[in-house]
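Naming: A, B, ... by sequence-line order, numbering from 1 per chain. Just so you know, these numbers use all the heavy atoms, side chains as well, and skip hydrogens, waters and symmetry mates.
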Amino acid sequence: MRFTLPPVLTPLPSSFYERSTLALAQALLGQLLVHETPEGRMVGKIVETEAYIGPYDKAAHSYNDRRTKRTEVMYGPAGVSYIYLIYGMYECLNVTASQEGKPHAILIRALEPIEGLALMQKNRPKARTLTALTSGPGRLTQALGITRELNGHELRRPPLYLAQGTHTPLPQHQIARGPRIGIHYAQEARHFPWRFWIKDHPFVSKVKHEPREPLR
DNA sequence: CCAAAGATCGTCT
DNA sequence: GACGATCTTTGGA
């Protein structure tokens with residue numbers, strides 16, 4: 001580890017979430033996701049996000065006001081976890097956004113591991129490279145041990161919360177944006193540039209990178 | 001009740 | 001680049 005985090009991290013306040021969904025998707029870049037478990041604390045820096053803006057976004061679970069048991073937390077206040085199972089196998093973590101009644105959410109797509117690397121590896125024995133540990137929405141939840149049990153959790157207290165990153169907010173020139181991943185079915189919405197990532201960051205998912213160091 | 005599809009990932013060719 | 005794993009959610013009969 002290149003640097004050490006303080007033993008106590010302070011959760012971001014609720015005011016952090018009070019901004020437009022697209023602004024929040026960018027503000028989340030560089031912030032820390034913290035999961036405290038009996039086995040230890042794991043911390044990752046958020047490097048990639050995607051916004052889902054319910055009512056008029058065909059890629060969103062809440063499109064066309066599809067209010068169901070699953071999407072219920074999207075309709076609540078901002079700063080709450082929305083965690084669902086995808087493809088019968090992987091959990092995806094979102095942060096709810098916008099005001100109550102507006103079903104917006106931001107998918108966390110990739111992290112850079114900051115603390116608890118050994119525990120993450122234990123949680124994800126299939127990862128053969130360092131980036132395969134947390135680069136992808138299904139990968140990062142597995143690495144940090146985040147499951148649907150934490151759905152609906154307010155992300156301002158243990159065991160799962162967000163904390164301020166060291167160089168945030170990031171300067172605009174370090175932020176890239178483009179179409180979202182894996183939503184080919186969403187017709188016109190698949191072109192919306194609602195995916196954000198830290199430019200040239202090696203942990204961003206689904207892009208060509210330099211060859212990886214093997215992870216033993 | 002049943003069928004279909006999915007905000008993914010690892011493995012194999 | 002293709003394919004299968006795996007199971008919940010959803011919508012329609």
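In this structure, A/Tyr52 atom OH and B/dG6 atom P are separated by 13 Å, rounded to whole Å. Rounded to a whole Å, the CD1 atom of A/Ile83 is 16 Å from the P atom of B/dA7. Per the geometry, CG belonging to A/Leu85 stands 12 Å off C1' belonging to C/dA5, to the nearest Å. Atom CZ of A/Arg66 and atom P of B/dG6 are 12 Å apart (whole Å). In this structure, A/Met89 places its CE atom 12 Å from C1' of B/dT11, rounding to the nearest Å. In this structure, A/Asn151 places its CG atom 10 Å from P of C/dT9, rounding to the nearest Å. A straight line from NZ of A/Lys126 to C1' of C/dG4 spans 12 Å, rounded to a whole angstrom. Protein atom OH of A/Tyr87 is 16 Å distant from nucleotide atom P of C/dT9, rounded to whole Å.
At the phosphate of B/dT8, OP1 or OP2 sits under 4.0 Å from a side-chain N or O atom of A/Arg109. Phosphate contact (OP1/OP2 of B/dA7, side-chain N/O of A/His61, threshold under 4.0 Å): present. For C/dT8, neither phosphate oxygen OP1 nor OP2 lies less than 4.0 angstrom from any side-chain nitrogen or oxygen of A/Arg148. Between A/Arg124 and the phosphate of B/dG10, there is a side-chain N or O to OP1/OP2 separation shorter than 4.0 Å.
Per the stacking criterion (ring centres < 5.5 Å, plane angle < 30°), A/Tyr84 does not stack onto the base of B/dA7.
With salt bridges taken as basic N to acidic carboxylate O contacts below 4.0 Å, none links A/Glu50 and A/Arg180. A salt bridge does not link A/Asp57 with A/Arg190: every distance from a Lys NZ or Arg NE/NH1/NH2 to an Asp or Glu carboxylate oxygen is 4.0 Å or more.
Of the residues A/Arg156, A/Glu36, A/Glu154, A/His153, the one that meets the side-chain hydrogen bond (donor to acceptor under 3.5 Å, both in side chains) test with A/Tyr161 is A/Glu36.
Along DNA chain C, the nucleotide closest to A/Tyr90 and the one closest to A/Lys69 are compared, and the more 5′ of them pairs with A/Tyr90.
Across C/dA5, B/dA7, C/dT10, the shortest atom-to-atom separation from the side chain of A/Arg70 is found for C/dT10. Nearest nucleotide to the A/Ile181 side chain, out of B/dG10, B/dT8, C/dT8: B/dT8. Side chain of A/Arg139, nearest nucleotide from B/dA7, C/dT10, B/dG10: B/dG10. Of the candidates B/dT8, B/dT11, C/dG11, the closest approach to any side-chain atom of A/Arg128 belongs to B/dT11.
Shown here is A/Glu149, whose CD atom has no more than 12 heavy atoms of other residues, nucleotides or ligands within 6.0 Å.
In this entry C/dT6 has no Watson-Crick or G-U wobble partner, no candidate having both defining distances under 3.5 Å.
Two rings, from A/His104 and A/Tyr52, have their centers 6.0 Å or more apart.
Among the heavy atoms of the strands lying under 4.0 Å from A/Leu107 is at least one base atom, whether or not backbone atoms are also near. When heavy atoms are screened at a 4.0 angstrom cut-off, A/Arg180 is found touching no nucleic acid atom at all. Among the atoms of the strands shown, none is found under 4.0 Å from any heavy atom of A/Arg190.
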